[in-house]
4 protein chains.
Amino acid sequence: MIVVMNSGANKIQIDNVLTRLENLGFKIHLSEGVERTIIGAIGDKSILNEVALEAMPGVEKVVPILQPYKLVSREFKSRDSVVKVDNLEFGGKKIHIMAGPCAVESREQLMESAEAVARAGATILRGGAFKPRTSPYAFQGLEEEGLQMLAEAREKTGLKIVTEVVDPRNVELVAKYADILQIGARNMQNFFLLKEVSIANKPVLLKRGPSATIEEWLMAAEYVMSGGNYNVILCERGVRTFETYLRNTLDLSAVPVAKHLSHLPVIVDPSHAVGKWQFVKPMALAAVAAGADGLIIEVHPNPAQALCDGPQSLTPEHFEELMNDIRKMAETMEREL
Amino acid sequence: MIVVMNSGANKIQIDNVLTRLENLGFKIHLSEGVERTIIGAIGDKSILNEVALEAMPGVEKVVPILQPYKLVSREFKSRDSVVKVDNLEFGGKKIHIMAGPCAVESREQLMESAEAVARAGATILRGGAFKPRTSPYAFQGLEEEGLQMLAEAREKTGLKIVTEVVDPRNVELVAKYADILQIGARNMQNFFLLKEVSIANKPVLLKRGPSATIEEWLMAAEYVMSGGNYNVILCERGVRTFETYLRNTLDLSAVPVAKHLSHLPVIVDPSHAVGKWQFVKPMALAAVAAGADGLIIEVHPNPAQALCDGPQSLTPEHFEELMNDIRKMAETMEREL
Amino acid sequence: MIVVMNSGANKIQIDNVLTRLENLGFKIHLSEGVERTIIGAIGDKSILNEVALEAMPGVEKVVPILQPYKLVSREFKSRDSVVKVDNLEFGGKKIHIMAGPCAVESREQLMESAEAVARAGATILRGGAFKPRTSPYAFQGLEEEGLQMLAEAREKTGLKIVTEVVDPRNVELVAKYADILQIGARNMQNFFLLKEVSIANKPVLLKRGPSATIEEWLMAAEYVMSGGNYNVILCERGVRTFETYLRNTLDLSAVPVAKHLSHLPVIVDPSHAVGKWQFVKPMALAAVAAGADGLIIEVHPNPAQALCDGPQSLTPEHFEELMNDIRKMAETMEREL
Amino acid sequence: MIVVMNSGANKIQIDNVLTRLENLGFKIHLSEGVERTIIGAIGDKSILNEVALEAMPGVEKVVPILQPYKLVSREFKSRDSVVKVDNLEFGGKKIHIMAGPCAVESREQLMESAEAVARAGATILRGGAFKPRTSPYAFQGLEEEGLQMLAEAREKTGLKIVTEVVDPRNVELVAKYADILQIGARNMQNFFLLKEVSIANKPVLLKRGPSATIEEWLMAAEYVMSGGNYNVILCERGVRTFETYLRNTLDLSAVPVAKHLSHLPVIVDPSHAVGKWQFVKPMALAAVAAGADGLIIEVHPNPAQALCDGPQSLTPEHFEELMNDIRKMAETMEREL
């Protein structure tokens, strides 16, 4: 940590900062320049969050040098983590495709979706049983009934199940059915939910919040890991910007950056990012080219009748075509489906 | 709702959209221009969320005409709502100042803060007992013990209590102690928490999310109101932008806009918006000038020792000075403290 | 255009709007709903910019239906445009790579760069002779001397030349030397510069502004085309967001969107977007996978000594490796270098 | 400047950075921690722009400590600058109101506007003769004829004139007529235009770019001052964010921040920020409360007929009412009109 003092900071102010830091057990480097005094402080970074140095008189700013996260970082673990979902491995050579409808609407809709995506080569079925909707008047999900249908689809197709958990009170319930617990973008900083999944015995798919920096996203992963659950898969799904033509702006550079800073696998959700099915294909291919370890894609047997996110859902036919293109792209990247 | 068809949309595609809309009970206006066919649809807007028209072939875009919220809108209720917190009224002539520390840290710290802000003219004491922190290693709050201290401070000073509720599981607990339930910015779209406070018998202070549009903020208020709790106070606290000098960019235009679209009272949190105490005063005064019905301000007896948000906390002395300036500003705006 | 009236708009206000629109030659559709009166207006869209309907009493909002641009749109020209740069074609099967240093610094530096990028398979040499720098104290370019060096490098290597024009006063000078006139991101809405290049007899590389919507970018292209210069190549180079780890957030979805709305070729600048050479490769490959017609990449023989943008420049060795990967990626996309 | 080395940086890499810095004349502080080596470098900051340290092997990041600007900073000049526009003083006790139409459309329109704003107490007339418009098909201004009308209005009313200069080629022409040269938001980083106004003998009104950080805005002012023109007035006019209800998001915190970092006067343009006249008044008052030294406001005798920005223009009647409120607000702030 570097503490930059004001140009007019006096000796007493500087001494107060030094004393404060020394009392907290930091090792100090003092550098008195002509224009500024700069204090370097080395020590236990977990204390730093508690220290309001910027509130001390004479302090201009505090520049952190080390990243605020630990367990998620490449420095903690330099080799790529492989997260196992039963027999599937995320973060290895294989690229995994999660696919299915936004919401579980009915047994028929789900089974038709599951069979279609399994046939095309997906390994994981997605589908929401609890839906966080911006409108209180919109369809809110089938809840446990939906979870049971997902489990039934798993029986039939062999696909693993990923589904969103939205309330700390039903983490246990969802974990009973799901193979992967999804934390949605809006809940990325719902710390009480993160704590619950951090003690669940299931891998976690952690979506980046629409206005979360990469650092905040990794801090959310740190929450989960600090509770003991090391099986975290990161998921970029678009960020909020001034551009309005598409629903979000997919930040594909977040893939190599997250993999540079962290050892965790990273997948991409092109469907939520673009919001219009026509643009899912180019962004899915670009995601694989950027180094993604997987994709999560919305597929619905009849998008125009979907109760949720129809405009961004692929038909089974379009999904099958896309899978063929992804297969070729995976080979180019020396990976495989 | 206006449905704009592609320039190349054919008759069958247009007819399919018309049929779909008619089956849903909409009244239709067809307008066939040289470059585009446009379909106007009038009907029950609560159905619109369920209809994935943009997924239908030939549809270019769907333009909603009416706002997606109802109970919060000026059209539902044209006169300003006055939200009562015991004997205090929000949204009337009085401007209310909520003040106190970011977190309840100890009995002494809280009592000293409470007495100072009461003396200066605040009517409500703020203080967090449950703290959502971006780092799992930061101070997380005193929990129920903190709530008890808040209640004790109320006894002593007569101040009302506002405190954040962060987990649907302890809405009831917090409501036992607090006069106002605060929904923090990161939880603005935590719909399961919103549902719980919507059935609690306490006024709700709803902070705008750091990347929420005003419309989404009003939709979150609609969630609370649609559950039966009409006592919602909106709170602007800065949005996330590309500017990094301050913590957030305080969007003061959200005050007159929210009051134009909605009948609910609107207050402003300048402390979280700016993140540095030096800038709290100009933004507090500007908020009142922009029409805010109140302010929520961080005050700490010793900011440099604060366990949370010290750099943005005012000392009791600075707060007292600010209250004098706010009093003059309130008069200029034909309001009063 | 759809004009939505306030819920309380009276008959006189509605009539005034109707009269105004009719006087301007629009054909009118009136739709009186229970909650709102809506007026559809069909007519010459070039007039719409001049009409301040939102300033008329009773008008709530005006929703444009047609895009504000014409010549750049797919509706004006449904087939992809191929822009010729001498014998090279942009927008056809070939993917073109522009490469070279940020700034022309010296004869040696430029020749070494030019030979390296030609050898690796680039077809166009980039290099700035006039540099728009955020600091008045930074290197500002070699000006005409730099242009002469670029021309000399073209002689030697057969590469075409792209270089930025920054001042309407020297469009003619730059056009004397360059094969492609580059409009930099900060000048995307420098309309007086756009007008000058619109009458120059050279293709234009139009970078998207860091906070420009795709629609504004296409409007800037319309400026150039409306002056008679139809040879416009669009270039996505990252937008400004709240994320700070990289210099900008590369918006790769802008590639398929711009190609959907427009017939113009689109290339990508991964170097300026990421700002760190380590991330250029994944974003270059992702750009091709997203459908880009070309790339523009910074290469410097000695990045650590570069006078401009060294941290984002590839060495010739890294560039050669990248070109091999791009070649494979181009094949996967059924294109070629 | 602080150079943070990678956790794995080796001795040779560290030595190379040290040698490079020493050769450039920097004084070095080396701090070898357990997790990172950190190098502090003190020296001539004008060299820093040229040094691509981040391109050197082993360097993780470079953290600048000093601001990149000099002449605009409080450290260069601690007391507020007062910029004189003939006999008017910006940055002193007086608050100046600039008002008038977006564009000069005709002699009648301009004279009527000028007389109205003078009567209400404005001291400066605004009006564009050259208009940068996003559409090539929109009204582009009356050019020199418009400037002559502005000069005539000055004769008649005694108001000073502020008008935008958009092209380096006509800075001299505009300076012949105007009392203040306005640099529009889109031209804030048009460095070749900045250089021209930096040698003009007229005060400059420098609008903040819609996506410019405060630091970049101050760097643009540094451009003007570094050319010898110290008479710069800063103008906040709203930034681009994800919020779409209003045209821009007015960043009023930029007022106290710019005044904290710099000695220059700061005014606010509420009209362009909000884009709808109904919201001009609260934001104008809030701007004065935030400490603005002046305002620039659009007024048009007949907003619905305006050729430019009608929806955000006040009528003369509304402007007069607003001036009365501003007068009271100025007194509250211990300033005067």
Side-chain angles (χ1 to χ4, degrees), chain C residues 16 20 45-46 49-57 59 62 68-70 130 132-140 166-169 186-187 189-195 198 209-211 216 219-220 222-223 225-227 239-240 275-277 300 303-313, chain D residues 16 20 45-46 49-57 59 62 68-70 130 132-140 166-169 186-187 189-195 198 209-211 216 219-220 222-223 225-227 239-240 275-277 300 303-313:
Chain C
N16 282 343
R20 180 91 202 275
K45 63 184 168 181
S46 71
N49 294 299
E50 314 293 317
V51 186
L53 286 169
E54 274 166 321
M56 294 187 74
V59 175
V62 176
Y69 43 81
K70 190 165 51 183
F130 297 89
R133 302 299 295 275
T134 45
S135 166
Y137 311 117
F139 175 65
Q140 312 276 323
V166 287
D167 187 327
R169 290 169 298 193
R186 289 200 203 86
N187 279 318
Q189 292 194 320
N190 183 340
F191 300 115
F192 295 79
L193 182 59
L194 295 182
K195 275 180 200 163
S198 82
S211 70
E216 289 166 340
M219 280 305 286
E222 184 86 8
Y223 249 91
M225 294 181 78
S226 72
V239 293
R240 175 158 276 186
K276 297 182 184 172
W277 70 267
H300 193 285
Q305 302 289 341
L307 294 186
C308 163
D309 283 345
Q312 73 199 31
S313 295
Chain D
N16 282 343
R20 181 90 202 276
K45 64 185 167 179
S46 71
N49 294 298
E50 314 293 316
V51 186
L53 287 169
E54 274 166 323
M56 295 187 73
V59 174
V62 176
Y69 43 81
K70 191 165 53 184
F130 297 89
R133 302 300 295 274
T134 45
S135 166
Y137 310 118
F139 175 65
Q140 312 276 323
V166 286
D167 187 327
R169 289 169 298 192
R186 289 200 203 84
N187 279 318
Q189 292 194 319
N190 183 340
F191 300 116
F192 295 79
L193 182 59
L194 294 182
K195 276 181 199 162
S198 81
S211 71
E216 290 166 340
M219 280 306 285
E222 184 86 8
Y223 249 91
M225 293 181 76
S226 71
V239 293
R240 176 159 275 186
K276 296 183 184 170
W277 70 267
H300 193 286
Q305 301 291 341
L307 295 185
C308 163
D309 284 344
Q312 73 199 33
S313 297

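The shown structure was predicted, so the numbers you read here are calculated from the model rather than taken from an experiment. Note on naming: letters A, B, ... go to the chains in the order of the sequence lines (proteins, then strands), and numbering restarts at 1 for each one.
When each of D/Ala55, D/Pro57, D/Pro136, D/Gly310 is scored by its heavy-atom pairs under 4.5 Å with chain C, the top score falls to D/Pro136. Heavy-atom pairs under 4.5 Å with chain D peak, among C/Glu222, C/His300, C/Lys276, at C/Glu222. Highest contact tally toward chain C, considering only D/Met56, D/Met219, D/Arg169, is held by D/Arg169 [criterion: heavy-atom pairs under 4.5 Å].
A distance-only check finds no donor-acceptor pair linking the side chain of C/Arg133 to the backbone of C/Ala138 [under 3.5 Å].
Between D/Ser198 and D/Ser226 there is no side-chain heavy-atom pair separated by less than 4.5 Å. At least one side-chain heavy atom of D/Asn187 sits under 4.5 Å from a side-chain heavy atom of D/Val166. Contact check for D/Tyr69 versus D/Met225: no side-chain heavy atoms found under the 4.5 Å cut-off.
If you measure heavy-atom distances from D/Phe192 to chain C, the contacts under 4.5 Å come from both the backbone and the side chain. Proximity to chain C (any heavy atom under 4.5 Å) is restricted, for D/Lys195, to the side chain, taken from C-beta onward. With a 4.5 angstrom heavy-atom cutoff, D/Gln140 touches chain C only via side-chain atoms. Using a 4.5 Å cut-off between heavy atoms, D/Gln189 touches chain C through backbone and side chain atoms alike.
Using a 4.0 Å cut-off between charged nitrogen and carboxylate oxygen, C/Arg186 and D/Glu216 do not count as a salt-bridge pair.
For D/Ala304 against C/Arg20, the heavy-atom pair with the smallest separation is O-NH1, 2.7 Å.
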